[in-house]
Amino acid sequence: MNDRRPDDMVRITTPELADAFIEEQVKLVKEQVGNKKVLLALSGGVDSSVVAALLIKAVGQQLVCVHVNHGLLRKGEPEQVIEVFRNQMKANLIYVDATDRFLDKLAGVSDPETKRKIIGGEFIEVFAEEARKLDGVEFLAQGTIWPDILESEKGIKAHHNAGGLPEDMKFELVEPVKILFKDEVRIVGKQLGLPDNMVYRQPFPGPGLGVRCPGAITRDRLEAVRESDAILREEFAKNGLAGKVWQYFTVVPDFKSTGIKDGKRAFEWSVIIRAVNTQDAMSATVENIPFDLMCHLVDRITHEVPGVNRVLYDFTPKPTGTIEFE
Ligand code: XMP
């Protein structure tokens with residue numbers, strides 16, 4: 001059961017089934033790990049958070065979580081990881097603020113694929129540096145899920161989880177949710193006591209806000225993306241759209257336009273709002289945001305986000321647009 005998803009496996013659809021799964025995996029992880037240490041890169045996303053909560057239950061302080069803040073996370077995310085895992089679940093959590101390291105490496109880099117490679121490569125480096133500081137770690141836990149395995153078997157995408165660490169760093173893998181689909185992972189996470197806004201969160205790309213700051217990332221545009229995204233999320237939650245719309249975020253492109261603020265000319269950034277619905281992210285339709293809410297969003301973003309004088313709405317479905325801008 002730990003290696004393959006059996007064809008006749010019952011889908012986890014209820015809290016009771018999730019509890020049974022948790023009990024079984026806790027037993028299996030204890031058998032696999034014994035009294036050794038396990039390392040986990042904890043991003044705060046659904047999969048790694050559920051693995052962390054499961055392993056805390058199974059091996060407690062033998063789990064070492066490393067949360068790397070690459071400076072491209074959404075507002076409040078690193079704080080929530082620290083609050084939930086260190087303060088509430090009493091996890092052994094190492095927090096690394098690597099913001100300057102990432103942003104310095106990304107300075108002046110405008111090609112989207114190069115940006116992605118820098119972010120991915122730097123992430124591995126920071127994580128490996130932290131791992132080298134620890135003694136006696138023999139296991140690496142990962143939030144691999146069943147679709148990751150299916151996609152890499154079909155050659156659709158390389159299964160990124162397992163690769164990447166330097167050759168000399170060899171760990172045995174612990175992948176307790178690898179036979180689960182995403183909806184099952186969420187039910188398990190809820191049963192493990194994770195907050196709803198962690199378990200039912202919208203998808204968020206690995207390169208984070210970096211792909212929502214098209215072209216070369218600058219700190220002022222990055223802050224404008226982070227602040228406008230926080231306003232959008234707050235308003236969607238207040239207006240009952242957070243659980244309904246599949247993915248919604250803001251983008252700040254690298255051009256300025258003329259506007260007026262306090263009676264004076266203001267040459268500032270624009271914020272683009274994107275809100276889409278999809279089944280599988282291969283195609284997507286645009287959400288019909290109520291006009292009054294749109295006006296309220298424009299008002300808040302142009303008055304509360306420094307350096308922004310204009311708000312636009314992206315009406316483009318996928319195709320022809322992809323969901324993200326880069
Ligand atoms: P696109 O932009 O290709 O996005 O229509 C489809 C879905 O994938 C997410 N996405 C990513 N997720 N790393 C990720 O983990 C990435 O580099 C990445 N790029 C896009 C995107 O947010 C959307 O949900």
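Residues: numbered from 1 along the sequence shown. Order of listing sets the numbers, starting from 1, for every ligand and every atom in it. Both backbone and side-chain heavy atoms feed into the values below; hydrogens, waters and symmetry mates do not.
Polar contact with ligand 1: absent for Pro203 (N/O pair, distance under 3.5 Å). At a 3.5 angstrom cut-off on N or O pairs, Trp246 does not count as close to ligand 1. Backbone and side-chain nitrogen or oxygen atoms of Gly206 are examined, and one is located within less than 3.5 angstrom of a nitrogen or oxygen of ligand 1.
The protein heavy atom nearest to atom 4 (O) of ligand 1 is Ile323 CB, 3.9 Å. Scanning the protein for heavy atoms near atom 19 (N) of ligand 1, the closest one is Arg116 NH2, 2.8 Å. Among all protein heavy atoms, the one lying closest to atom 23 (C) of ligand 1 is Gln247 OE1, 3.4 Å. Given atom 7 (C) of ligand 1, the protein heavy atom at minimum distance is Ala281 CB, 4.0 Å.
Those atoms of ligand 1 that come under 4.0 Å of a heavy atom in Pro207, given as number and element, are 13 (N), 16 (C), 17 (O).
Between Leu180 and the choices Thr144, Val188, Ile145, the side-chain contact (heavy atoms from CB on, under 4.5 Å) rule is met once, by Val188.
Using a 4.5 Å cut-off on side-chain heavy atoms (C-beta onward), Arg212 and Thr250 make no contact. Residues Arg201 and Arg74 have side chains in contact (heavy-atom distance under 4.5 Å, counting atoms from C-beta outward).
Distance screen at 4.0 Å: atom 12 (N) of ligand 1 has a protein heavy-atom neighbour inside the cut-off. Protein non-hydrogen atoms do not reach within 4.0 Å of atom 9 (C) of ligand 1.
In this structure, Tyr313 and Phe315 have perpendicular ring planes: the angle between them is above 60°, well past the 30° mark. Aromatic ring pairs are classed by plane angle as parallel below 30°, tilted from 30° to 60° and perpendicular above 60°; the pair His70 and Phe123 is perpendicular.
Looking at Glu175 and Gln142, their side chains do bring a donor and an acceptor atom within 3.5 Å of each other.
Nearest heavy-atom pair, Asp47 versus Gly143, reported as atom, atom and distance to 0.1 Å: CB-O, 3.3 Å. Between Val225 and Cys213 the shortest heavy-atom distance is CG2-SG, 4.4 Å.
Considering only non-hydrogen atoms, atom 3 (O) of ligand 1 lies nearest to Lys318 out of Lys115, Lys318, Glu324, Glu326.
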